[in-house]
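Okay, so here's the structure we're looking at.
Order of the sequence lines fixes the chain letters, A, B, ..., with proteins taken first and strands second; residue numbering starts at 1 for each chain. Nothing here was measured: the structure is a model prediction, and the numbers come from that model.
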2 protein chains.
Amino acid sequence: MNNHHRSVKVLRRGDLAKLTGCNLETIRYYENIGVMPEPPRSSKNYRVYDDRHVARLRFIMRARELGFTLDEVRDLLALVDGGAQTCGEVQGLANAHLASVRAKIADLKRIEHVLSSTVAQCSGDDVPECPVIDALREEA
Amino acid sequence: MNNHHRSVKVLRRGDLAKLTGCNLETIRYYENIGVMPEPPRSSKNYRVYDDRHVARLRFIMRARELGFTLDEVRDLLALVDGGAQTCGEVQGLANAHLASVRAKIADLKRIEHVLSSTVAQCSGDDVPECPVIDALREEA
DNA sequence: CTTGAGCCTGTACCAGCTACAGACCCTAGA
DNA sequence: TCTAGGGTCTGTAGCTGGTACAGGCTCAAG
């Protein structure tokens with residue numbers, strides 16, 4: 001109860017980082033590239049954040065966890081900020097992203113298949129002959 | 001049959017690029033970072049390649065297609081160049097890489113699951129309420 | 001003899017951060 | 001009151017795996 005002469009505790013960059021788990025420098029980076037808004041500054045030029053910044057950063061971090069690129073995040077935020085976003089528009093972006101996620105999975109599965117079946121042929125012994133090396137050397 | 005007064009046609013950087021499908025600039029990049037050896041130079045300072053360079057570059061490209069990082073490629077090449085590589089050593093590297101591929105697949109599948117089940121709840125309509133946006137806003 | 005293609009070099013750029021140097025600023029302890 | 005330590009500010013460099021371009025040289029064909 002000692003903050004009645006300290007006004008409401010303001011959030012500085014480090015506080016925002018701790019609250020969200022975001023790296024301190026990343027916050028500034030997001031501001032530079034325009035996905036986080038420029039916050040107001042204190043008299044000593046410190047960035048001052050509030051609840052909406054916390055929510056915004058969490059939104060961004062969740063989108064990143066879902067593999068959205070920062071460009072896609074910008075698009076999502078533009079829709080949300082526009083206020084008039086529609087479910088259809090968002091669904092469009094999400095579906096496009098989903099397609100690219102599925103493409104990556106397919107690529108990796110192909111790689112996984114080749115690698116695992118090749119490694120399975122390895123003797124694992126102390127000999128120079130190795131199916132993995134052979135596969136990499138193979139004449140196409 | 002007009003090359004008997006031209007000696008054997010030498011491979012220059014562009015030829016190597018065409019033969020392998022590798023980007024011209026990437027060849028120089030691989031040389032800079034030490035995965036391709038510095039080739040001999042012609043009198044006019046042009047790089048001169050031979051069959052072993054072609055094989056080397058193909059090896060690198062196949063390893064990259066299998067998702068090996070350039071660091072891992074360097075390790076593979078060091079083993080091969082050492083001449084005394086053993087199947088066991090190569091298998092070790094390949095298994096480590098396989099594990100990271102599988103980890104990536106698991107990550108992407110988790111993402112795919114979250115995304116697809118969320119998108120499936122979308123009405124797709126011209127309304128502002130959207131399950132995707134809700135998921136991104138969600139208080140953890 | 002000119003024009004175009006190829007090669008040479010160094011350097012800048014992309015995503016998506018991360019980290020560091022060199023200034024400030026502020027608070028707590030001696 | 002001084003000082004040590006933390007925090008913050010700015011700009012900039014580094015990472016991976018390339019890609020691309022400018023400005024200069026060389027070479028062959030027309």
For atom CG of A/L11 and atom C1' of D/dT8, their distance in whole Å: 15 Å

Polar side-chain atom of B/H97 near backbone of B/A94 as donor-acceptor pair, under 3.5 Å: no

Spacing between B/L70 atom CG and D/dT19 atom P, to the nearest angstrom: 11 Å

Atom-pair distance (CD1 on A/I33; P on C/dC13), nearest Å: 17 Å

Which residue lies more 5' along DNA chain D, comparing B/D71 with B/Y46 via nearest heavy atoms: B/D71

Short side-chain N/O contact to D/dG17 OP1/OP2 from B/T26, under 4.0 Å: no

Side-chain-base donor-acceptor pair under 3.5 Å for B/Y30 and D/dG18: no

Under 4.0 angstrom between A/N23 side-chain N/O and C/dA19 OP1 or OP2: yes

A/K44 NZ to D/dT10 C1', straight-line distance once rounded to whole Å: 17 Å

Below 4.0 Å: OP1/OP2 of C/dC7 and any side-chain N or O of B/R47: no

Residues A/D107 and A/R110 bridged, charged N to O under 4.0 Å: yes

N/O donor-acceptor pair, side chain B/R28 with base D/dG18, under 3.5 angstrom: no

Which residue lies more 5' along DNA chain C, comparing B/N32 with B/L24 via nearest heavy atoms: B/L24

B/T69 vs D/dT16: side-chain N/O to OP1/OP2 distance below 4.0 Å: no

d(CD, A/E31; C1', D/dG11) in whole Å: 14 Å

Gap between atoms OH and P, on B/Y29 and D/dT19 respectively (whole Å): 10 Å

Nearest-nucleotide pick for B/R64, side chain only, options being D/dC9, D/dG18, C/dT18: D/dG18

Ion pair B/R102/A/E112, N-O distance below 4.0 Å: yes

A/R13 CZ to C/dC25 C1', straight-line distance once rounded to whole Å: 15 Å

B/R41 side chain near C/dT9 phosphate (N/O to OP1/OP2, under 4.0 Å): yes

Salt bridge (charged side-chain N to carboxylate O under 4.0 Å, His left out) assessment of A/D71 paired with A/R74: CA-CA 5 Å; A/D71 260 3; A/R74 234 187 302 264; 3.1 Å; yes

SB check B/E31 B/R28 (cutoff 4.0 Å): no

Sugar-phosphate only, base, or nothing, as touched by B/F68 at under 4.0 Å among non-hydrogen atoms: nothing

Whole-Å distance separating the CZ atom of B/R12 from the P atom of C/dG6: 9 Å

